[in-house]
There are 2 protein chains.
Amino acid sequence: MHSQFTIDCVILSFDNGTLQVLLTERNEYPYKDWWSIPGYFVDKYEEMEDAVYRICHEMTGLKNIYMDQLAAFAGVKRHPEGRILTVAYLAFVQYDSIKSKIKPVSTYMKQAKWFAINDLPDLAFDHLEIINKSLGRLKNTISYSASLYELLPEKFTLTQLQLLHEAILGKTLDKRNFRKKINTLGYLKPLDEYQKGVSYRAAKLYKLDKRKFHKVIGQG
Amino acid sequence: MHSQFTIDCVILSFDNGTLQVLLTERNEYPYKDWWSIPGYFVDKYEEMEDAVYRICHEMTGLKNIYMDQLAAFAGVKRHPEGRILTVAYLAFVQYDSIKSKIKPVSTYMKQAKWFAINDLPDLAFDHLEIINKSLGRLKNTISYSASLYELLPEKFTLTQLQLLHEAILGKTLDKRNFRKKINTLGYLKPLDEYQKGVSYRAAKLYKLDKRKFHKVIGQG
DNA sequence: GCAAAAGTGTTGGGGTTACACCCATGG
DNA sequence: CCATGGGTGTAACCCCAACACTTTTGC
């Protein structure tokens, strides 16, 4: 028995210099065979915080990802079978580590697939609007949120981090200034490891020092 | 005929150096005779943007105030008669100009009254949580939002503006630095008018130049 | 004249911007 | 040896924080 509202999850990632969003192909009416952001009805006695994890898992196969509430959407005509309110959530995940795990558990979705944010298919319901709202949120919370680093591999190069910032902000940044700033932040740990398999000078790898991050951000 | 979700309005104001929130005394069960933030059910075919104005007017007598969506709240136990999701909205209004107009239109509320944010009565439902979330939002959006100035009279002194910032940020600010910063903003218009009825040097009055505000903020 | 708040500048430090070349690696 | 991205410093400027006294007014 479920309630009369749904949860939809905007799951963003970063690959190839562009932001990616995880979409699912619907296997049920309405909007059968359309791409949509993963979502479903909340159970009657289920807290939203629990529902969002369950639904994300059932629709995409992904587990244990951290989601933030984005907004409620309740346009009278957003759902063809009568108004259904949805609460949208936003999550960041790193592309590579979960690539192979993406597969709907529920038969409600046929498949799940990444799409570049600039090259989306037609979307079910008002899901385009929801995605656009997510991008605005991302722009505002950049650099205040550890979850930004969920978008990158655990070990990343400074160039990857810069490309991510550029993709979010929609403008190019100066390499030297970017690195200077990164240094002053104090919560990026340089590793004694380097990129592999590239046909040019291998870049140093870094990782987020979560301890220090929370110390620094907690105060600022 | 209404839907199965409600809208609740956090209406903030500023008077006497402290933030104030407008609460309504409930005249119906559940939580009859309790103080609550004004809210009610959305009609089945009513857009949220319309509902929020209607509900605000019916419960408080206030019209034409601008509201922003804050978040959805849907705790299983938040409503004693079964889970009811609410979408909370946030508005700022200036205290003096609407003091006399505050009176519920609907009999669903007995009265509406301002409370200092630091001295709230027990509240119905999860309304305390909703108010606390509003204050967090206010802190984050300070100085980016023209609606901040809805909290002040149309003509205000720089000291009033400073006290408002201090109330929101929860710390004192340096007078000279504050004024210097205000000057650089470029969207506060000094008037050729002064405070009246004070027993000390009368302060110059200012008002927000909305034209310039949108020019400046639109770019930054 | 006194109480109460208005109004006003300067300095030092920290952060941001603009800008260009050499280095290491794989093919 | 060439193509590709990795990595590095300095100077000008702007913004922010710290700090105290004089002015105006009503009573």
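Side chains are part of it too, since the values below use all heavy atoms of this structure and drop only hydrogens, waters and symmetry mates. The chains referred to below are lettered A, B, ... by the order of the sequence lines, with proteins before strands, and numbering in each begins at 1.
With DNA chain C read from its 5' end, the first of the two nearest nucleotides for A:V198 and A:T184 is the one closest to A:T184. Where A:S199 and A:Y206 meet DNA chain D, the nucleotide closest to each residue was compared, and A:S199 sits on the side nearer the 5' end.
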Shorter than 3.5 Å, N or O on both sides, protein versus nucleotides 18-23 of chain D: list them out with atom names.
{"unit_1": "D:dA18", "atom_1": "N7", "unit_2": "B:N177", "atom_2": "ND2", "d": "2.9"}
{"unit_1": "D:dA18", "atom_1": "N6", "unit_2": "B:N177", "atom_2": "OD1", "d": "3.0"}
{"unit_1": "D:dA18", "atom_1": "N6", "unit_2": "B:K180", "atom_2": "NZ", "d": "3.3"}
{"unit_1": "D:dC19", "atom_1": "N3", "unit_2": "B:R176", "atom_2": "NH2", "d": "3.4"}
{"unit_1": "D:dC19", "atom_1": "N4", "unit_2": "B:D174", "atom_2": "OD2", "d": "3.2"}
{"unit_1": "D:dA20", "atom_1": "N1", "unit_2": "B:R176", "atom_2": "NH1", "d": "3.3"}
{"unit_1": "D:dT23", "atom_1": "O2", "unit_2": "B:R201", "atom_2": "NH1", "d": "3.1"}

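Running 5' to 3' along DNA chain C, contacts with non-hydrogen atoms of chain A at under 4.0 Å begin and end at C:dT16 to C:dG26.
Relative to the ring axis of B:F125, B:R78 places its NZ or CZ within 45° and under 6.0 Å from the centre.
Between A:L138 and A:L19, some side-chain heavy-atom pair lies under the 4.5 Å cut-off.
A donor-acceptor distance shorter than 3.5 angstrom exists from the side chain of B:E166 to the backbone of B:L173, with no hydrogens or angles considered.
The distance between atom CD1 of A:I182 and atom C1' of D:dT8, rounded to the nearest whole Å, is 16 Å. Across the protein-nucleic acid pair, A:F156 atom CZ and D:dG5 atom P stand 20 Å apart, rounded to whole Å.
Evaluation of the side-chain hydrogen bond (donor to acceptor under 3.5 Å, both in side chains) test over residues 111-125 of chain A, restricted to residues two or more places apart or in two chains, returns A:E25-A:Q111.
Across B:M109 and B:P104, no two heavy atoms sit closer than the pair O-CB, 3.7 Å. Here the shortest heavy-atom pairing between B:F14 and B:L151 reads CB-O, 3.7 Å.
Within the nucleic acid shown, A:T159 comes within 4.0 Å of sugar-phosphate atoms alone, with no base atom in reach, counting heavy atoms only.
In this structure, CD in B:Q20 is found 10.0 Å from CG in B:L120, a value given to the nearest 0.5 Å.
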**Request:** Check the pair A:Y206, A:F156 against ring pair (Phe, Tyr, Trp, His ring centres under 6.0 Å), reporting the backbone distance first and the verdict last.
**Result:** CA-CA 5 Å; A:Y206 289 74; A:F156 50 86; 7.1 Å; no

